[in-house]
Amino acid sequence: MSETTSGTVCDVLVIGSGVAGMAAALKAASQGFSVIVAEKDRYFGGTTAISAGWAWLPGNRQGVEQGDTREDAETYLKNLAPETFNAAGVRDFLDTVPEAIAFFENETEVKFTYPEKSPDYQMDLPGAKLSGRAILPQDVDARVLGDKRLLMQPYMSSYTVFGYMPQVGPDINEFFHVNQSVKSFAYVARKLLRTWFDAARYRRPVLRSNGNALMTLMVKSADDLGIRLWNSSPALSLTRDDAGTITGAVMGGDHAGTVTARLGVILAAGGFSGNKELRKQYFPHDANGDDHFTPTLGHDGDAATLAISAGGHIDDSVSSVGSWAPVTVFKYLNGKQRLFPHLRAIGLPGLIAVDRHGKRFGNEALSYHDFGGAMIEHNKDEDKTFGYVIGDAKTMHKYGIGYAKPWPMPRGYFYKTGYLVKGDTLEELAGKLGIDAAGLKATVAEFNPAAGRGEDPKFGRGSTLYNHFRGDMEHKPNPNLAPVGKGPYYAARIQMGDLGTFAGIGVNERSEVVTGEGTAIPGLVAVGAAAVSVFGGGYPGYGSHIGPALVFGYRAGRDIAKLAADRGVTRVAGV
């Protein structure tokens with residue numbers, strides 16, 4: 001990298017510091033190319049850093065050892081989104097998984113763990129597997145970054161337990177049983193005490209898990225490779241030469257000026273679910289731009305805007321334009337808006353989700369994406385998209401409802417912030433929520449007898465291994481079902497959110513940004529949530545954003561010099 005009178009020169013400019021951007025940067029830098037990663041936020045890591053960190057990567061060594069085959073994965077993906085199946089993209093994805101994992105585990109600081117169970121979201125489809133596809137990053141002590149650890153995106157506070165971020169699986173199950181087991185209580189106490197001690201001593205907890213661990217390890221690897229990491233540095237516009245080739249970008253913020261990228265620019269700045277105008281165009285439930293609340297970070301449509309300005313377009317030829325996630329919108333005590341994504345807890349025994357008429361509208365133990373899709377479809381003829389998660393006194397005492405913690409946690413805070421509503425009877429609760437009391441009573445009366453037997457004839461809740469994984473495995477006869485019993489009753493309102501967009505910048509098989517006619521825009525690549533989903537809008541399992549982002553980010557970094565060479569640009573690594 002060098003400085004000129006006109007600005008900074010590098011080989012590769014990556015816009016966005018989430019998993020896709022960092023994967024591209026690491027692979028490009030490993031080949032000796034000079035790389036800049038430009039992040040508009042003050043923190044690095046984007047939405048990946050606040051996520052669970054899973055990566056859906058069929059073909060990893062655990063899956064192969066367990067007998068998972070490429071044909072199984074292809075069959076599953078074909079059945080997941082049959083009308084929008086991207087055969088070429090899936091081929092490239094599956095071809096590259098082993099190569100990409102080997103690179104990260106052998107040539108960077110990134111290391112993965114291979115959970116015993118990580119069921120695909122649609123376990124009833126051909127080719128689905130109980131384990132061997134979704135993997136997790138290893139935990140890490142953030143002090144490996146020195147003072148730079150304070151530049152990593154903090155966890156989403158509403159999704160932590162007093163500062164600690166539980167992992168899906170055995171870890172979070174201990175938290176679910178903290179008030180029911182001495183063993184679980186001791187386990188949770190150790191985790192929390194360590195978290196609080198480190199926060200007091202080091203200004204922030206140093207043990208990083210989930211997506212935060214992945215991004216911490218990637219930033220450490222970037223430092224080792226000499227990648228220049230710029231925070232507080234938004235890309236304002238792209239630059240191009242007379243032939244129409246993208247040559248770099250005009251930057252703002254702490255590194256204001258022009259960056260020339262000799263090999264190309266990689267857009268990895270997330271999707272567009274935080275962009276009201278783009279949501280109005282592409283989200284079917286949000287025509288007015290006021291019926292969607294995203295917990296993502298940085299998905300403001302910056303990459304899409306840059307691509308469109310260069311002649312690119314949004315490709316929405318997918319079965320679902322977003323990866324849906326019901327959220328509760330509430331307020332801090334200071335009045336600032338806060339969100340809680342309901343990614344797991346709706347499928348626990350004793351909870352039901354109802355609409356404004358008091359009626360259930362789907363299987364609450366589906367994935368957040370599939371349940372969210374059912375919620376959108378159910379409300380398509382209504383003025384707004386919302387519902388309520390409801391539980392009785394026993395359920396609230398045992399599990400809580402999402403962000404509202406179970407006994408012995410006091411509940412005053414959750415009432416004051418507007419997260420939780422309480423009613424001594426179903427009629428009183430319905431009145432406070434503004435929903436149909438007779439409809440709610442009828443729903444509970446219909447639901448309870450079968451739920452007591454561990455059955456749900458109406459929606460099939462608790463009928464798959466994935467459903468069970470989202471429930472309480474110690475609850476009998478069905479991990480997902482129990483009657484709604486005696487009051488008082490509790491409820492949280494749910495509205496529509498997301499974990500990213502599946503519609504995105506149109507790209508070709510080499511991740512080059514293309515025009516609406518399919519012509520590649522030279523020098524411009526898009527990966528991660530910025531680009532259209534390789535899964536055609538399907539959501540196969542845990543890590544359906546991070547898995548493809550790792551793979552196609554890796555491919556972009558690997559191939560960017562070849563793309564440049566194909567248009568006559570030669571660049572010797574290190575020169």
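All heavy atoms count here, side chains included; hydrogens, waters and symmetry mates do not. This chain uses plain numbering: 1 for the first residue, then up along the sequence.
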**Request:** For residues His313 and Thr515, determine if any side-chain heavy atom of one lies less than 4.5 Å from a side-chain heavy atom of the other.
**Result:** no

**Prompt:** Within the distance-only criterion (no hydrogens, no angle test), does the side chain of Gln31 pair as donor or acceptor with the backbone N or O of Phe33 below 3.5 angstrom?
**Reply:** no

**Message:** Can you tell me how the ring of Phe502 sits relative to the ring of His369, calling it parallel under 30°, perpendicular over 60° and tilted otherwise?
**Reply:** perpendicular

**Prompt:** What heavy-atom pair brings Tyr419 and Gly402 nearest, and what distance separates the two atoms?
**Reply:** OH-CA, 3.5 Å

**Prompt:** Do Arg208's NZ or CZ and the ring of Tyr155 fall within the cation-pi criteria of under 6.0 Å and 45°?
**Reply:** yes

**Request:** State whether Asp254 and Arg42 are salt-bridged, where the test is any N-O pair (Lys NZ or Arg NE/NH1/NH2 against Asp/Glu carboxylate O) under 4.0 Å.
**Result:** no

**Asked** Cation over ring, Arg143 on Tyr202, under 6.0 Å and within 45°?
**Response** yes

**Prompt:** Would Tyr554 and Phe103 satisfy ring-ring contact (aromatic ring centres under 6.0 Å, His included), going step by step from the backbone distance to the final call?
**Reply:** CA-CA 9 Å; Tyr554 167 85; Phe103 167 74; 5.5 Å; yes

**Salt-bridge present (Lys78, Glu74; N to O < 4.0 Å)** = no

**Asked** When you check the gap from the basic side-chain N to the acidic O, do Asp286 and Lys280 get nearer than 4.0 Å?
**Response** no

**Asked** Is there a side-chain contact between Thr417 and Tyr332 (heavy atoms, below 4.5 Å)?
**Response** no

**Message:** Quiz question: by atom type and distance under 3.5 Å, do the side chains of Trp324 and Asp370 form a donor-acceptor pair?
**Reply:** no

**Request:** Could you check whether the rings of Tyr76 and Trp56 sit parallel, tilted or perpendicular, using 30° and 60° as the cut-offs?
**Result:** tilted

**Prompt:** Salt bridge between Asp559 and Arg510, side-chain N to carboxylate O under 4.0 Å?
**Reply:** no

**Prompt:** Does one side chain, of Arg555 or Thr96, offer a donor that lies under 3.5 Å from an acceptor on the other?
**Reply:** yes

**Asked** Salt bridge or not for Asp198 and Arg204, using N-O below 4.0 Å?
**Response** no

**Message:** Any donor-acceptor pair under 3.5 Å linking the side-chain atoms of Asp139 with those of Ser209?
**Reply:** no

**Prompt:** Among Thr47, Leu136, Val19, whose side-chain contact (heavy atoms from CB on, under 4.5 Å) with Ile546 holds?
**Reply:** Val19

**Salt bridge flag under 4.0 Å for residues Arg558 and Glu99** = yes

